[in-house]
Student: 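I have a structure I would like to understand better, so I am pasting it below and will then ask my questions one at a time.
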Amino acid sequence: MKIQDTLSKLEQDVDISKKVKIYLCGVTVYDESHIGHARTIIIFDVLRKYLENKGIEIEFIQNFTDVDDKIINRANAENKTADEISTKYIKNYFHDFDGLNVKRATNYPKATEHIEDIVKFIEKLIEKGVAYPTKNGVYFSVTKFPEYGKLSKKKIDDLQSGARIEVDEEKKDPLDFAVWKLSDKAPTWDSPWGKGRPGWHIECSTMSIKYLGENFDIHGGGRDLIFPHHENEIAQSESCTGSQFAKIWMHVGMVTIDGEKMSKSIGNVKSIKHVIKNWGANIIRLFCLSGHYSKPIDYSKELLKENLIKWRQVETCHYELIHANSENSENIDEFINKTGTEFDNALDSDFNTHLALSAFFQLIKETNRLAAEEKLGKENSNAIKIELKRMLEILGLTIPEVTENEIKEINELIEKREQSRKEKQFEEADKIRDKLNEMNVELIDHKGKTIWMIKENIKAEK
RNA sequence: GGUACUCUGGCAGAACGGUUAUGCGUGAGCCUGCAAAGCUUAUACAAGGGGGUUCGACUCCCUCGGGUACCUCCA
């Protein structure tokens with residue numbers, strides 16, 4: 001499997017001969033998670049599910065930034081402690097992402113639970129002479145890392161000339177960034193330099209190395225993290241360890257809303273609760289996977305609706321397979337193999353989920369074609385089921401199970417409707433159909449028989 | 001201003017320099033008591049503009065232009 005690496009700008013092989021170690025920069029827990037977070041996290045969710053499906057062991061670490069100015073500001077505004085705010089939004093995070101069918105990471109380390117490690121890390125940086133204490137805190141000295149800017153392709157000189165950073169007399173260079181901020185106001189921890197709290201970037205260096213080692217496979221996050229966050233992580237980590245940090249930097253593009261940047265000032269932020277309520281997890285996942293992860297993707301009603309239509313095809317396919325009992329059974333093993341291989345090849349070449357989806361939908365369409373032509377027999381439907389299940393699992397798409405009782409009830413109603421139809425009591429037949437519709441059961445009348453499907457109830461935005 | 005990414009048919013979105021991708025939409029048809037779903041079929045001769053390299057460019061190079069992101073917190 002190859003992934004485009006932001007640092008080298010080349011496609012790099014992921015070493016799948018042993019456990020694959022992935023670190024994803026998670027969220028700062030001070031507010032609702034939104035569709036932008038969802039996209040990044042869903043991309044990595046599918047990545048790990050794909051590798052796991054191949055039998056590869058994954059160690060997947062995703063942090064929570066739970067100490068930060070934004071959290072503190074929010075706490076002050078709501079007259080709460082920073083801890084109350086971060087705890088609330090961590091709980092909220094899990095609620096949202098469980099709802100999006102995202103598999104839990106191996107571990108979700110928090111900055112506040114690694115203060116000791118962070119302090120040790122900073123001590124090492126000072127020992128190595130790349131960080132220095134001032135009366136405001138401890139700063140990393142950018143000029144001590146000659147390769148500074150290598151990830152974001154920026155030159156220190158350019159950054160300095162365009163610096164819009166507040167001038168801090170104590171800093172040796174305006175680009176130097178805090179690894180420890182001295183402060184009296186809670187939350188604070190003791191440190192050799194005095195009471196304070198860690199800077200933003202240091203937690204990810206510390207925790208990624210702690211859990212995954214100095215040189216792990218993939219470090220990911222949104223594109224907006226390239227500078228300064230990941231740039232600074234590299235500077236700190238490589239200064240500290242003296243060896244290469246992450247092997248591959250994988251960055252996910254931004255989500256725009258109707259072509260516009262999503263931002264609080266514009267007021268167009270789509271929270272995960274909002275998108276789940278309107279479209280449901282399956283459609284949101286399809287949407288997030290519909291473009292190449294590295295490119296921007298635009299959230300619009302039209303696109304979401306397109307994914308709704310596609311989702312209906314998947315549901316139809318699923319139920320056609322359940323009801324398949326045709327006498328004829330066309331041999332389509334070769335076709336299944338072909339789409340399966342295409343699916344995998346697409347993901348292997350820089351994780352092209354769009355192409356993978358196109359293979360997935362080929363299988364869906366072929367199945368629906370066979371059903372329409374009454375060629376969906378037991379044998380081929382079983383073969384399709386196996387491959388389809390694999391793909392659905394990797395993509396994280398779910399179709400709810402139906403209980404025996406529900407099936408019984410549905411079948412009884414269909415029976416009644418058939419009777420009415422035979423007697424040409426169409427009004428009565430339609431009544432029964434309406435009743436089933438209210439139960440989210442849709443009927444599909446094929447030539448000879450009627451099958452049912454449970455239709456996920458999608459509100460569809462506006 | 002700097003850096004990165006990007007610009008393909010109504011929309012979305014692919015493709016080793018040489019082959020009509022594909023999907024949605026739209027038209028027609030099949031099926032049906034009606035509907036829905038599904039299926040079949042037709043439909044786009046597209047590549048931001050201009051140069052260049054090449055026998056041949058969506059694909060490489062130059063240039064001009066548009067968009068987005070980052071340069072301050074941001075997935």
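What you are looking at is a predicted structure, and each value in this text was computed from that prediction instead of being measured.
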Student: Are more than 12 heavy atoms from other residues, nucleotides or ligands located less than 6.0 Å from atom NZ of Lys277(A)?
Tutor: no
Student: Looking only at atom C1', what distance separates A46(B) and U41(B), rounded to whole Å?
Tutor: 22 Å
Student: For Asp224(A), which contact category applies under a 4.0 Å heavy-atom criterion: base, sugar-phosphate, or nothing?
Tutor: base
Student: When you compare U19(B) with A47(B), how far apart are their P atoms, in angstrom units rounded to a whole number?
Tutor: 15 Å
Student: Considering only A21(B), C70(B), A75(B), which nucleotide approaches the side chain of Lys261(A) most closely?
Tutor: C70(B)
Student: Taking atom types as modelled, find out whether Asn92(A) and Glu32(A) have a side-chain donor-acceptor pair closer than 3.5 angstrom.
Tutor: yes
Student: Work out how far the C1' atom of G10(B) is from that of C45(B), and round it to whole angstrom.
Tutor: 16 Å
Student: Have a look at Ser152(A) and say if it touches a base, only the backbone sugar-phosphate, or nothing, with a 4.0 Å heavy-atom cut-off.
Tutor: sugar-phosphate
Student: Is there a side-chain contact between Ile399(A) and Tyr319(A), using heavy atoms and a 4.5 Å cut-off?
Tutor: yes
Student: Return the nucleotide paired to C34(B): Watson-Crick means purine N1 to pyrimidine N3 with N6-O4 or O6-N4, wobble means G-U with N1-O2 and O6-N3, both under 3.5 Å.
Tutor: none
Student: Paired with A42(B): which nucleotide, if any, by Watson-Crick or G-U wobble criteria at under 3.5 Å for both distances?
Tutor: U26(B)
Student: Provide the Watson-Crick or G-U wobble partner of C70(B), both distances under 3.5 Å; none if there is no partner.
Tutor: G2(B)
Student: How about NZ on Lys273(A), more than 12 heavy atoms from neighbouring residues, nucleotides or ligands closer than 6.0 Å, or not?
Tutor: yes
Student: If I take atom OH in residue Tyr319(A) and atom P in nucleotide A37(B), what distance separates them, rounded to the nearest angstrom?
Tutor: 17 Å
Student: Under a 3.5 Å cutoff, is there a donor and acceptor pairing between the side chains of Lys449(A) and Asn325(A)?
Tutor: yes
Student: When you compare G51(B) with G65(B), how far apart are their C1' atoms, in angstrom units rounded to a whole number?
Tutor: 14 Å
Student: Would you mind classifying the nucleic acid contact of His446(A) as base, sugar-phosphate or nothing, using non-hydrogen atoms under 4.0 angstrom?
Tutor: nothing
Student: What integer distance in Å separates Asp350(A):CG from C16(B):P?
Tutor: 12 Å
Student: Provide, to the nearest angstrom, the distance between the NZ atom belonging to Lys435(A) and the C1' atom belonging to A36(B).
Tutor: 20 Å
Student: Assign Ile226(A) to base, sugar-phosphate, or nothing according to its heavy-atom contacts below 4.0 angstrom with the strands shown.
Tutor: nothing
Student: Using a heavy-atom cut-off of under 4.0 Å over every strand shown, decide if Gly36(A) touches base, sugar-phosphate, or nothing.
Tutor: base
Student: Nearest whole angstrom, please: distance from the P of A69(B) to the CZ of Arg39(A).
Tutor: 13 Å
Student: Return yes when atom NZ of Lys385(A) has more than 12 non-hydrogen atoms of other residues, nucleotides or ligands closer than 6.0 Å, and no otherwise.
Tutor: yes
Student: Any donor-acceptor pair under 3.5 Å between the side chain of Asp445(A) and the base of A35(B)?
Tutor: yes
Student: If we take the C1' atom in both U68(B) and C62(B), what is their distance in whole Å?
Tutor: 24 Å
Student: By nearest heavy atom, map Ser290(A) and Cys25(A) onto RNA chain B; which one lands nearer the 5' end?
Tutor: Ser290(A)
Student: Could you check whether Gly253(A) gets within reach of a base, just the sugar-phosphate, or nothing at all, counting any heavy atom under 4.0 Å?
Tutor: base
Student: Classify Phe227(A) by what it touches in the nucleic acid, base, sugar-phosphate, or nothing, heavy-atom distance under 4.0 Å.
Tutor: sugar-phosphate
Student: At less than 3.5 Å, do the side-chain atoms of Asp430(A) and the base atoms of G33(B) form a donor-acceptor pair?
Tutor: yes
Student: Checking contacts here: which listed nucleotide (A14(B), C39(B), A75(B)) is nearest the side-chain heavy atoms of Asn368(A)?
Tutor: C39(B)
Student: Base, sugar-phosphate, or nothing for Lys9(A), non-hydrogen atoms under 4.0 angstrom?
Tutor: sugar-phosphate
Student: Expressed in whole Å, how much space separates the C1' atoms belonging to G1(B) and U43(B)?
Tutor: 48 Å
Student: Counting side-chain heavy atoms from CB outward, which of C34(B), G2(B), A21(B) is closest to Lys154(A)?
Tutor: G2(B)
Student: Quick one: do the His114(A) and Tyr211(A) side chains pair a donor with an acceptor below 3.5 Å?
Tutor: yes
Student: May I ask you to check whether Glu320(A) and Thr316(A) show a side-chain donor-acceptor distance below 3.5 Å?
Tutor: no
Student: Heavy atoms from C-beta onward define the side chain here; which of C73(B), A75(B), G38(B) lies closest to that of Lys70(A)?
Tutor: C73(B)
Student: Donor-acceptor pair under 3.5 Å: do we get one between Arg223(A)'s side chain and the base of A4(B)?
Tutor: no
Student: Please report the distance, rounded to the nearest Å, between OH in Tyr108(A) and P in A75(B).
Tutor: 15 Å
Student: Once you round it to whole Å, what is the distance between P of A36(B) and CZ of Arg417(A)?
Tutor: 13 Å
Student: Name the nucleic acid region contacted by Leu357(A), choosing base, sugar-phosphate or nothing; use a 4.0 angstrom heavy-atom cut-off, strictly under.
Tutor: nothing
Student: Using the side-chain heavy atoms of Lys295(A), tell me which of these nucleotides is nearest: U6(B), U22(B), G33(B).
Tutor: U6(B)
Student: Measuring only the P atom in each nucleotide, how far is G27(B) from A35(B)? A whole number of Å is fine.
Tutor: 16 Å
Student: Is there a donor-acceptor pair closer than 3.5 Å between any side-chain N or O of Gln12(A) and the backbone N or O of Ile248(A)?
Tutor: no
Student: Without decimals, in angstroms, what is the distance between Tyr293(A) OH and U6(B) C1'?
Tutor: 15 Å
Student: Just call it for Glu306(A): base, sugar-phosphate, or nothing, with non-hydrogen atoms closer than 4.0 Å on any strand.
Tutor: base
Student: Have a look at Gln313(A) and say if it touches a base, only the backbone sugar-phosphate, or nothing, with a 4.0 Å heavy-atom cut-off.
Tutor: sugar-phosphate
Student: Remember a base hit wins even if backbone is also touched, and classify Lys365(A) as base, sugar-phosphate or nothing at under 4.0 Å, heavy atoms.
Tutor: sugar-phosphate
Student: Could you measure between the two C1' atoms, the one in C24(B) and the one in G67(B), and give it in whole Å?
Tutor: 24 Å
Student: Between G23(B) atom P and Glu366(A) atom CD, what is the distance in whole Å?
Tutor: 12 Å
Student: Go nucleotide by nucleotide along RNA chain B from the 5' end; which of Lys310(A) and Pro296(A) gets its closest nucleotide reached first?
Tutor: Pro296(A)
